[in-house]
Amino acid sequence: MIATPQAGAGAVLALVGRPGAGKGTQGRLLAARLGVATLSVGDLLRDAVKTNAPLGRTIERYVSRGYLVPNRFVLELLWSRLGEAAARGRGVVLDGFPRNVRQALALEEMLAPRRLDLVIELSVQPAVATERLLARRRSDDGLEIIQRRMDVYDRTTAAMIDWFRQAGRLVTVEAHHPAEIVHQHLSEVVERALSQTMSLREAPS
Ligand code: AMP
């Protein structure tokens with residue numbers, strides 16, 4: 001079955017996975033399919049580097065070396081944008097956020113009394129992900145920086161993903177296929193999961 005715009009209207013979804021898993025591409029495709037907004041934290045940070053001089057220079061030091069930007073900067077940038085989407089009652093697909101447990105907890109606090117509806121992991125072998133990033137030629141996509149980003153993922157983000165998995169709040173989609181195939185699987189998995197969460201929420205207590 002294919003996700004309809006109604007299935008995800010107002011939902012807050014997080015797309016997580018290692019660098020090169022395809023979060024950006026799949027986030028845009030999924031958001032268009034569901035009729036919700038998309039917010040890429042990597043894009044927000046890169047925009048801040050371009051436009052906001054003192055803060056931008058600080059952020060750039062982390063992004064260019066492949067380290068996570070400290071939470072206080074990320075949260076400040078994200079909250080105002082997320083607040084806008086929430087105020088319009090629009091759902092959102094978050095691309096690349098949260099990336100550690102603290103960010104996940106802060107997000108749930110920010111959304112309360114609502115919560116994150118679904119966390120979707122795009123799963124891909126490190127070698128496939130590395131090849132994709134090398135083909136992309138972004139400035140933080142040199143081999144040494146890619147390896148550091150993979151390390152940060154393995155040491156920090158993977159633990160957060162396991163945390164959601166253990167809480168039964170994670171769905172995983174194999175992401176080594178071509179983008180259209182991944183999109184198809186992703187849409188099916190998300191629609192199934194959302195219809196379950198939505199019907200649970202609507203059930204009389
Ligand atoms: P991305 O565009 O998702 O590949 O992210 C590019 C870079 O932005 C990462 O290597 C980090 O330096 C930074 N970044 C993106 N998302 C986050 C996040 N949630 N927390 C901290 N830093 C982030």
Side-chain angles (χ1 to χ4, degrees), residues 12-31 37-52 55-83 85 92-111 116 118-164 170 173 175 179 182 186:
V12 181
L13 312 176
L15 207 48
V16 298
R18 73 171 58 249
K23 297 185 293 294
T25 305
Q26 294 302 329
R28 282 189 293 276
L29 291 171
L30 181 64
T38 178
L39 258 180
S40 155
V41 171
D43 284 348
L44 285 185
L45 293 168
R46 281 183 290 275
D47 284 349
V49 168
K50 276 188 237 147
T51 55
N52 188 340
L55 178 61
R57 271 196 297 278
T58 308
I59 288 175
E60 210 256 335
R61 281 205 287 277
Y62 295 93
V63 174
S64 64
R65 292 175 194 163
Y67 292 113
L68 291 186
V69 174
N71 289 343
R72 62 183 182 282
F73 301 126
V74 176
L75 299 181
E76 199 181 309
L77 281 173
L78 183 63
W79 281 182
S80 58
R81 299 294 296 272
L82 200 54
V92 65
V93 174
L94 291 169
D95 152 16
F97 187 93
R99 257 163 147 124
N100 58 37
V101 172
R102 275 191 172 278
Q103 290 183 356
L105 291 170
L107 178 62
E108 302 252 75
E109 232 173 72
M110 142 80 178
L111 293 172
L116 192 50
L118 187 63
V119 184
I120 310 140
E121 175 192 24
L122 292 178
S123 171
V124 69
Q125 295 293 321
V128 174
T130 301
E131 238 172 74
R132 281 186 187 161
L133 294 176
L134 285 171
R136 191 169 70 169
R137 294 169 182 279
R138 207 170 71 191
S139 64
D140 57 342
D141 284 340
L143 191 54
E144 192 189 331
I145 307 300
I146 290 174
Q147 273 160 356
R148 182 165 300 133
R149 289 161 61 206
M150 294 290 177
D151 249 34
V152 167
Y153 172 83
D154 288 328
R155 279 188 286 117
T156 305
T157 309
M160 180 208 71
I161 293 178
D162 279 343
W163 185 74
F164 278 114
L170 184 87
V173 174
V182 176
L186 180 62

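Every number for a ligand or one of its atoms is a count from 1 in the order of the listing. Here, residue 1 is the first one in the sequence, and each next residue gets the next number.
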Would Arg148 and Asp151 pass as an ion pair if we require N to O under 4.0 Å?
-> no
Please indicate whether Glu108 has more than 12 foreign heavy atoms, meaning atoms of other residues, nucleotides or ligands, lying under 6.0 Å from its CD.
-> yes
Between Phe97 and Leu75, is any pair of side-chain heavy atoms under 4.5 Å apart?
-> yes
Could you tell me whether the side chain of Ile120 reaches within less than 4.5 Å of the side chain of Leu118, counting heavy atoms only?
-> yes
Leu55 side, atom CG; Glu60 side, atom CD - distance, nearest 0.5 Å = 12.0 Å
Only residue of Leu39, Asp43, Leu45 satisfying side chain to side chain contact (heavy atoms under 4.5 Å, CB included) with Val41 is Leu45
List by chain and number: which residues place a heavy atom under 4.0 Å from ligand 1?
-> Val41, Gly42, Leu45, Arg46, Val63, Tyr67, Leu68, Val69, Val74, Gly96, Phe97, Arg99, Gln103, Arg138, Asp140, Arg149
